[in-house]
Amino acid sequence: MKNILFILFLFSLSASAQNIDMEKDTIQMKEVVVNEKKKNGRQISYKFRRGICTFYDNLSSVYETATMAYDMPRGMIKSLRFEFNHSAKRDDKGKYADTEIELNLYDVKANGDPGEKLGSKTFLVPGSHSGKMNIDVSDLQVRNETGIYVALRKVKKENSKATDFEVDCSCKENKNHKTLIYNPKSEKWLQAHGPYAFELTVTIEQ
């Protein structure tokens, strides 16, 4: 009888030890989950280098203008800052009209041309606006890995004039930038002559 009681006592101790170990394991698993919280990355600004002068481009509702930078840092594209209606001449102020702009983001194909469209949105530039304008593109969830083309095109509007709108561009070619214009008739991207890059600042989250 004593032998049986001793065996039962040992079994009870073994079971208790297993329960303690299981509780420890459970606590450790919970700690791992807590440590997996994501932290927000840092934000940096990349500025397309301005040339020695500015080219004021009116854009087109037919042809799309796209600029990319070879040395743009990798990361999520959060916002784009352009300069609109900055006035080619002082007496041009007040001549602008409300203009809707289509913004497209493309990846870069092996031949260097714009490839797949990664995101798109439209926004309004009021005729009364002059200077810098920030465009929030964080909702598009576009990440730059091997290059991004930033493209603009005017949305067609009845009775609009070419001079209703302007975007600031560099007037001098820069080896770090590439600007192309899409011709829908030939369905080809052609080298731009005049606007060599948007005067643009890109906010990137890494």
Side-chain angles (χ1 to χ4, degrees), residues 42-88 99 101-123 125 129-138 140-155 162 165-184 186-206:
R42 61 168 186 155
Q43 289 193 351
I44 61 174
S45 293
Y46 174 87
K47 190 172 183 178
F48 282 61
R49 297 178 183 87
R50 184 172 181 169
I52 58 174
C53 55
T54 298
F55 181 95
Y56 300 96
D57 192 3
N58 301 120
L59 294 183
S60 168
S61 61
V62 178
Y63 303 101
E64 187 174 3
T65 303
T67 295
M68 65 91 72
Y70 293 104
D71 57 350
M72 186 188 295
R74 294 183 179 184
M76 295 294 295
I77 309 299
K78 306 300 287 185
S79 67
L80 306 169
R81 188 178 72 193
F82 297 89
E83 291 203 31
F84 298 128
N85 301 342
H86 205 196
S87 296
T99 304
I101 301 297
E102 179 184 86
L103 166 69
N104 295 311
L105 300 177
Y106 298 92
D107 67 7
V108 182
K109 295 196 298 186
N111 67 356
D113 286 353
E116 179 184 356
K117 185 183 290 186
L118 303 176
S120 180
K121 71 187 312 177
T122 58
F123 59 92
V125 180
H129 176 84
S130 178
K132 296 179 175 63
M133 178 180 284
N134 281 306
I135 311 299
D136 182 6
V137 293
S138 57
L140 300 181
Q141 293 291 298
V142 172
R143 182 177 180 84
N144 175 42
E145 289 293 349
T146 58
I148 293 287
Y149 270 99
V150 178
L152 297 179
R153 183 184 67 84
K154 277 200 291 191
V155 176
F165 168 87
E166 288 176 345
V167 56
D168 287 15
C169 303
S170 173
C171 68
K172 184 174 175 61
E173 192 170 7
N174 187 311
K175 65 180 181 180
N176 292 309
H177 305 149
K178 184 176 182 179
T179 300
L180 302 174
I181 295 177
Y182 183 71
N183 187 329
S186 63
E187 297 184 345
K188 292 182 180 180
W189 289 94
L190 307 174
Q191 184 65 48
H193 296 284
Y196 287 104
F198 295 125
E199 291 186 1
L200 169 67
T201 300
V202 183
T203 300
I204 302 167
E205 184 176 274
Q206 295 184 318

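- Centroid-to-centroid, the aromatic rings of F48 and F198 stay 6.0 Å apart or farther.
- L80 has its side chain within reach of V150: a pair of non-hydrogen atoms, C-beta onward, lies under 4.5 Å apart.
- The minimum heavy-atom distance linking A197 with H177 is given by the pair CB-ND1, 3.7 Å.
- Considering only heavy atoms from C-beta on, M72 comes within 4.5 Å of I204 through its side chain.
- Test T54, D168, V167 against H86 for side chain to side chain contact (heavy atoms under 4.5 Å, CB included) and you get one pass: D168.
- With values rounded to the nearest 0.5 angstrom, N104 atom CG is found 10.0 Å from T122 atom OG1.
- Contact record, K109 with G115: CG-CA, 3.3 Å, taken as the closest heavy-atom pair.
- Atom OG1 of T67 sits about 8.0 Å away from atom CG of L152, to the nearest 0.5 Å.
- Ring-plane geometry between W189 and Y149 is classed as parallel, the angle between the planes falling under 30 degrees on a 0 to 90 degree scale with a further cut at 60.
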Please walk me through it: do N183 and K188 pass side-chain contact (heavy atoms from CB on, under 4.5 Å)? CA-CA 6 Å; N183 187 329; K188 292 182 180 180; 5.6 Å; no
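- Enclosure of atom NZ in K121 by more than 12 non-hydrogen atoms of other residues, nucleotides or ligands within 6.0 angstrom is indicated.
- The closest side-chain heavy-atom distance from F82 to M133 is not below 4.5 Å.
- The side-chain heavy atoms of I148 and M68, taken from C-beta on, include no pair separated by under 4.5 Å.
- S45 and T201 get closest at one heavy-atom pair: CB-CG2, 4.1 Å.
- In this structure the side chain of Y196 never reaches within 4.5 angstrom of the side chain of F55, judged on heavy atoms.
- Taking every heavy atom of both residues into account, A151 and E64 meet most closely at CB-OE2, 3.2 Å.
- Nearest heavy atoms, K154 versus A162: NZ-O, 3.6 Å.
- Atom NZ of K132 sits about 5.5 Å away from atom CZ of R81, to the nearest 0.5 Å.
- Counting heavy atoms of neighbouring residues, nucleotides and ligands inside a 6.0 Å radius, atom CZ of R143 exceeds 12 of them.
- You'll find the side chain of I101 stays beyond 4.5 Å of the side chain of R153, heavy atoms only.
- Residue L200 holds its CG atom at 12.0 Å from OG of S170, rounded to the nearest 0.5 Å.
- Rounding to the nearest 0.5 angstrom, the gap separating the CZ atom in R74 from the CD1 atom in I44 is 12.5 Å.
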Worked verdict on Y63 versus Y182 for side-chain contact (heavy atoms from CB on, under 4.5 Å): CA-CA 5 Å; Y63 303 101; Y182 183 71; over 6 Å; no
S79/N134 under side chain to side chain donor-acceptor pair (under 3.5 Å): CA gap, chis, key distance, verdict: CA-CA 7 Å; S79 67; N134 281 306; 4.8 Å; no
Begin from the C-alpha positions of R42 and E205 and carry the test side-chain contact (heavy atoms from CB on, under 4.5 Å) through to its verdict. CA-CA 6 Å; R42 61 168 186 155; E205 184 176 274; over 6 Å; no
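- Side-chain contact between S138 and M76 is absent, with no heavy-atom pair separated by less than 4.5 Å.
- A heavy-atom distance below 4.5 Å is not found between the side chains of N58 and S60.
- With 3.5 Å as the limit, one finds no donor-acceptor pair spanning the side chains of Y106 and D113.
- Here the closest heavy-atom approach between residue S120 and residue L140 is recorded as O-CD2, 3.6 Å.
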